[in-house]
Q: 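Below is a structure I'd like to ask you about.
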Amino acid sequence: MDVLVSLCKRRGFIFQSSEIYGGTGAAWDYGPLGVELKNNIKRAWWRDNIHLRPDMVGLDASILMHPQVWKASGHLDHFTDPMVDCKACQHRFRADKVEEQSWIHYCPATKGNKFEVPAGEPCKHCNVRRSLCPDCGKGELTTPRQFNLMFKTFMGPVEEDAAVTYLRPETAQGIFVNFDNVLQSMRLKLPFGIAQIGKAFRNEITPGNFIFRTREFEQMEIEFFVNPLETIDGRPADEVWHERWIESRFAWYQRYGMRRENLRIREHEKDELAHYAKRTVDIEYQFPIGWSELEGVANRTDFDLKQHAQFSGKSLTYFDEERKQHVVPYVIEPSAGADRSLLAFLADAYREEEVRGERRVVLRFHPDLAPVKIAVLPLLKKRPEIVTTAHDLRATLARRWVTVYDDTAAIGRLYRRQDEVGTPYCVTVDVQTVGDSAKGESGDRCVTIRERDSMEQIRVPIAELPGIFERLLGDGAWADVARSYPPARG
Ligand SMILES: [Zn+2]
Ligand SMILES: [Zn+2]
């Protein structure tokens with residue numbers, strides 16, 4: 001993980017928030033390449049789950065909502081973690097996690113010497129187990145109290161109880177409260193889904209592991225509504241749709257290059273299920289911190305719509321024309337994190353390779369996700385014709401793809417730098433391209449394209465570049481395209 005954190009900072013993907021002030025707890029800023037990568041992930045998700053499907057629409061609800069929403073959803077009463085405080089140093093811990101950290105101990109068997117004892121183990125010298133604060137080793141811990149994880153704030157100028165509101169802890173509720181608006185305005189028929197990408201906030205007591213768990217994060221959520229009276233091949237439609245979504249979401253990560261062996265499905269145990277959930281499955285990724293949740297796919301039944309109908313007094317039903325009755329749809333919720341997805345795509349793309357005795361770091365991003373698609377590099381920057389041609393090429397290609405120009409190092413170095421940020425293709429302009437006017441030699445108007453993963457190079461006419469990249473950055477494979485052109489010297 002440290003390798004990724006350091007690469008992210010060095011190459012402009014992710015910076016610590018407010019770093020010049022010493023940083024804030026577990027908040028991160030996406031730099032120039034990070035914002036491109038994150039946008040690409042969100043764009044791919046939106047295209048595949050909304051634009052390419054006939055049964056999905058999008059939504060962008062506000063972060064601040066009516067406080068009653070959180071009463072109805074259960075967040076106000078149940079979205080809590082048990083907390084204990086140290087009476088001496090005031091440090092706060094999650095009651096259920098306090099045994100999972102090492103503890104400071106002043107051992108009576110060694111005249112009060114200070115030791116750090118590993119998590120869950122007794123002291124080697126006196127065999128005593130931890131009963132005091134793990135951080136200072138001196139204070140008693142309070143009995144556990146429930147701590148709500150929602151960020152509280154005030155709407156308007158008056159800081160009084162009536163003005164209390166919350167930053168949403170999930171985007172899902174914005175979809176549920178708009179169920180009827182979307183249904184009526186878009187004249188939808190079940191089954192259909194509403195998708196949303198947006199920020200959510202949770203005042204986690206123990207955030208950490210880089211962008212894996214943060215207090216401010218971005219969700220990519222789908223609420224897919226199903227008629228509970230319907231069956232598919234004799235089975236309840238909600239169960240069948242649940243399986244379809246698990247499959248579809250599991251395949252999605254692989255479509256963008258995530259390796260199958262780093263993904264797995266984990267079924268929630270009965271005692272782990274939320275009280276309203278019929279079944280929940282996690283798609284897990286093998287992060288550098290171990291297997292952890294990448295996305296949850298839950299069958300939330302009709303719980304949310306019923307709760308909001310009850311608390312708002314508005315009917316949130318669907319009229320089943322065939323059966324001539326009102327039904328409350330069941331909902332399947334594939335809920336993914338944009339930041340977590342980014343971390344997983346980044347970890348999966350990262351490779352260290354040995355090339356001719358030298359170490360090469362490469363991010364093997366899928367071309368759709370790569371922050372930069374093409375880098376145009378001049379072989380010699382003291383030849384004005386080369387530089388001008390390279391600038392012109394960048395300008396032309398940039399209309400269609402994210403393309404950068406770089407002349408700040410020798411060519412070998414420039415290639416390595418692009419490998420390290422996952423740029424799939426480099427285009428090099430050299431002497432042959434432009435010729436030598438002093439000697440009366442005209443150039444061949446050809447350039448070299450280098451592919452990131454194979455490091456193979458081909459020589460192609462400038463005029464054909466847009467067509468070639470249309471294929472390479474579309475569905476075309478490098479090997480198929482490269483076959484039609486002569487190889488270039490590496
Ligand atoms: Zn303490
Ligand atoms: Zn001891």
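Read the numbers this way: they start at 1 and go in the same order the structure lists the ligands and their atoms.
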Q: Examine His91 and say whether one of its N/O/S atoms is closer to the Zn ion (ligand 1) than 2.8 Å.
A: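 Looking at His91, which is the residue asked about, there is no N, O or S atom under 2.8 Å from the Zn ion (ligand 1).
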
Q: Within 45 degrees of the axis of the six-membered ring of Trp291 and under 6.0 Å from its centre: does Arg264 put its NZ or CZ there?
A: yes

Q: Is the NZ or CZ atom of Lys199 both under 6.0 Å from the centre of the six-membered ring of Phe217 and within 45° of that ring's axis?
A: no

Q: Can you confirm if the NZ or CZ of Arg43 lies within 45° of the ring axis of Trp46 and under 6.0 Å from the centre of its six-membered ring?
A: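 Checked: cation-pi criterion not met.
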
Q: Can you name the nearest heavy-atom pair linking Tyr425 to Glu451, along with the distance?
A: CE2-CG, 3.5 Å

Q: Once rounded to 10 degrees, what value does the angle at the Zn ion (ligand 1) take between SG (Cys86) and SG (Cys89)?
A: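 Computed angle, vertex at the Zn ion (ligand 1), rounded to 10 degrees: 110°.
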
Q: Do Arg413 and Tyr415 meet the cation-pi criteria used here (NZ or CZ under 6.0 Å from the six-membered ring centre, within 45° of the axis)?
A: no

Q: Check each of Thr301, Asn299, Thr231, Ile232 against Asp238 using the side-chain contact (heavy atoms from CB on, under 4.5 Å) test, and report the only one that passes.
A: Asn299

Q: Is it possible for you to check whether Arg249 lies under 6.0 Å from the centre of the six-membered ring of Trp245, through NZ or CZ, and within 45° of that ring's axis?
A: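 So Arg249 doesn't make the cation-pi contact.
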
Q: Using a distance threshold of 2.8 Å, what protein N/O/S atoms lie below it relative to the Zn ion (ligand 2)?
A: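 Listed by chain and number, the atoms are His105 NE2, Cys107 SG, Cys123 SG, Cys126 SG.
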
